[in-house]
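Notes follow the structure.
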Amino acid sequence: MVKGLTGPAASARLICLAAVLTTVGLLPWLSGRDPALTVLRARSAEQEATEEALAAVREDLGLDVGPLALLGRWGSGLLRGDLGTSWVSGTDVLPSVVSGLQVSLGLMGAAFAVAVLLACALVAPVLVRGRGSAGTVAAMLASLPEFLLATVALLVCGVWLGWLPTSGWQGPQYLVLPAIALGVPAGGLLGRLVAEALPAVLDERWVELWRGAGVSRTRVASAALRRVLPPLVPQFGMATVGLTGGAVAVETVFAVPGIGRTALGAAKSQDLPLLQGAVLALLLLGLGVGALTAFTRRRLLGPALRDAELALPPARPVPSPATIPLTLFTVLAVTIGWGMLRDPYAVDTSARLLLPSWAHPLGTDGLGRDVLARLGHGAAATVGTAAAVCALSLLVALLLGFLPGVAAGAADIANALPPVIVGILVAAAAGPGTGGAALAVALISWPPLAAHAAALVQEVRASAFLTAQRAIGAGPWWILTRHVLPSVVVPVSRHALLRLPGIALALASLGFLGLGAQPPAPEWGLLLEESRAYVERAPWAALAPAVALALLAALAVSAASWLAGGAAAPDHPRLRGSALHRFARLRRTAPEPTALPAAKTRTEPARDHSKSPGITESAGR
């Protein structure tokens, strides 16, 4: 939520909110299936679906009035606090939604506490030394799938060691494992955001003056954190919303009766009134988090700085040796290429759950299929789809960067919905599949990139250099192609590159929940879900796609760091004359933009967000 949004932003927000509510209200007809047939099957699987039986169901539920009339009834019921009646159980939806929401709020609160503790551990070395970065470690923690952490925690702490219960929701001890599984990736994300913003703040002039005046290190560190937090609070809010998406998988693994698991179960059973209520509750939760985020930021800034929109200094990129991304890319490319030479569908029940060997370098799964082959062929479904979604998000962000009001209004609604919830809606309307999963992630993956692009566009347009260019007669097209776009495309592209692992993880999460690719497709999330039943006997089947996701995250971070810090890389003799070399020269000829007066800026401070990727995240998370 951004302060003072009016005009196009308010209109865009209302239009998007109305579109989401209309989509939820019309779910019975968007699914392409006869709602009466769904209810009849839910009530009695043996009863024959005659026209008389279906007509009786339509009359009983009021489905015979048509979609628009039913949408009006649903809307008027919302105003009265009536969410309807479950098609499966015949009970009121509202008590089930409230009960599930209470459980999920408790789990999310505990997970956020775990995330804050982990983030503090990642930030502490930076505060002590005044330099450093959470970097690759934090990025790999953030890329760990919640459902994999949940499965490992259940197996190790619940089954092998017997320390904690493995399912249910009957006391505080049932909260520990789900909170850890949900909080560790969020903690990696939050820690990286703060740790990479701190070094630039600690180099500001006021820190040197305080230290020279004898102010204690504790007070300096406290003031630096207070300086860092306000611009990052909106991304913290997005991370909190991302916990909702991760909670769906965690609640499923631990059989926690939360609102996410309720929504997923309703989608699979086609209990559309219950699904409508659960999704509406999750949307309101996301909007509430956004409002709380805006309030918290205003309180942290204080009255004197509220109109100044305090911005962080630009983060100085830490150069990364080219050998790091090259090595990671080589490992992934060789593994994927080796796997693609094998048959991912060949079933050999006599070779079930074999240990890794030369014949099967990563072992076999529960049907005797080669894990390496399925991992290699699954890269196209996971990484390839993620790259396409990432490129589409980048294109949309660059276009909306020139319409900051419209982008900000639509982003408020998109940020309130994690990918899993949108995936549930898309699956309910179009059925599960790779295309539906990609559409769900694409619908909500563009806002951080659009905010970054809009802030950079405003800064470049306000620079004194462009004023001089106009004065000497430079045309709009020359200014756009020679100065504005080169100053925007490069940092936003790095930002998009950093979001690639989060998008891949979101697609894997949808596959794990059965909302993405369907068996026997070798998609990485589906591989994790299939291996969950025998992870105790054959952990390598689950570890292979999980390690691949972690390596993808490390590759994205190191490649973006190399591109950001190794400005001389395009000048390498082998690259001279290439498109990369020409583009880098254009980027270096564009002057550093001067910041706008913050009172005129309605987006995030325009720094290089490629060093602070925010959520997926959802998840991207």
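Only heavy atoms go into these numbers, but all of them, side chains included; no hydrogens, no water, no symmetry mates.
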Query raised in the report: Does the side-chain contact (heavy atoms from CB on, under 4.5 Å) test come out yes or no for V103 and L101, once each step is laid out?
Result: CA-CA 5 Å; V103 172; L101 189 59; over 6 Å; no

Query raised in the report: About how many Å separate CH2 of W169 and OG of S104, when rounded to the nearest 0.5 Å?
Result: 8.0 Å

Requested in this report: Would you name the heavy atoms of I336 and A379 that are closest together and state the gap between them?
Outcome: CD1-CB, 3.6 Å

Query raised in the report: Pick from V426, L526, L515: which one makes a side-chain contact (heavy atoms from CB on, under 4.5 Å) with L510?
Result: L515

Requested in this report: Return yes if a side-chain donor-acceptor contact under 3.5 Å exists between T434 and E523, otherwise no.
Outcome: no

Query raised in the report: Which heavy-atom pair separates L175 from L107 by the least distance, and what is that distance?
Result: CD1-CA, 3.8 Å

Report task. First locate atom CG of L362, then atom CG of D370, and finally report the distance between them rounded to the nearest 0.5 Å. Result -> 7.5 Å

Query - More than 12 heavy atoms from other groups under 6.0 Å of OH on Y534 - result: yes

Query - Heavy-atom check, side chain of L513 versus side chain of T252, under 4.5 Å - result: yes

Query raised in the report: For the atom pair OG1 (T364) and CZ (R352), what is the distance rounded to the nearest 0.5 Å?
Result: 8.5 Å

Query raised in the report: side chain to side chain donor-acceptor pair (under 3.5 Å) with T262: which residues, sequence neighbours excluded?
Result: none

**Report entry** Where I259 and E251 come nearest, the two heavy atoms and their spacing
**Finding:** N-OE1, 3.9 Å

Query raised in the report: Looking only at heavy atoms, what is the nearest atom pair of H377 and P522, with distance?
Result: CB-CG, 3.8 Å

Query raised in the report: Any side-chain heavy-atom pair from E530 and P519 closer than 4.5 angstrom?
Result: yes

Report summary line: All heavy atoms of L274 vs all of S96, minimum pair found to be CD1-CB, 4.1 Å

Requested in this report: Carefully, step by step, assess T85 and D92 under the rule side-chain contact (heavy atoms from CB on, under 4.5 Å).
Outcome: CA-CA 5 Å; T85 303; D92 288 341; 4.0 Å; yes

Report task. Verify side-chain contact (heavy atoms from CB on, under 4.5 Å) between C157 and L177, making sure each step is shown before the conclusion. Result -> CA-CA 8 Å; C157 299; L177 293 181; 3.8 Å; yes

Requested in this report: May I ask you to test the F512-V420 pair for a side-chain heavy-atom distance under 4.5 Å?
Outcome: no

Query raised in the report: Do the side chains of L400 and W446 get nearer than 4.5 Å, heavy atoms only?
Result: yes

Query raised in the report: Can you find a pair of side-chain heavy atoms, one from V248 and one from R261, that are under 4.5 Å apart?
Result: no

Query raised in the report: Say you draw a straight line from CG of L372 to CH2 of W338; how long is it, rounded to the nearest 0.5 Å?
Result: 6.0 Å

Query - For I503 against V441, the heavy-atom pair lying closest together - result: CG2-CG1, 3.8 Å

Query - Pair V250-F254, side-chain contact (heavy atoms from CB on, under 4.5 Å): steps then yes or no - result: CA-CA 6 Å; V250 173; F254 289 101; 3.8 Å; yes

**Report entry** Gap separating the CG atom of L83 from the CD atom of Q276, nearest 0.5 angstrom
**Finding:** 9.0 Å

May I have the list of side-chain donor-acceptor pairs in residues 537-555 shorter than 3.5 Å, sequence neighbours left out?
residue: W540; atom: NE1; partner: L354; partner atom: O; Å: 3.2

Query raised in the report: Is the side chain of Q518 donor-acceptor paired with the backbone N or O of G514 at a distance under 3.5 Å, no angle test?
Result: yes

Donor-acceptor pairs under 3.5 angstrom involving side-chain atoms of residues 383-395: please list them, not counting sequence neighbours.
residue: T385; atom: OG1; partner: A381; partner atom: O; Å: 2.7
residue: S393; atom: OG; partner: V389; partner atom: O; Å: 2.9
residue: S393; atom: OG; partner: S445; partner atom: OG; Å: 2.5

Requested in this report: Output the distance between atom OG1 (T382) and atom CG (L507), rounded to the nearest 0.5 Å.
Outcome: 7.0 Å

Query raised in the report: How about L280 and L78: do any of their side-chain heavy atoms sit closer than 4.5 Å?
Result: yes

Requested in this report: Find out whether I180 and L149 are in side-chain contact, i.e. whether some heavy atom of one side chain is under 4.5 Å from a heavy atom of the other.
Outcome: no

Query raised in the report: Hey, does the side chain of R374 reach the backbone of P344 with a donor-acceptor pair shorter than 3.5 angstrom?
Result: yes

Report task. Determine whether L275 and I424 make a side-chain contact, defined as any pair of heavy atoms from C-beta on separated by less than 4.5 Å. Result -> yes

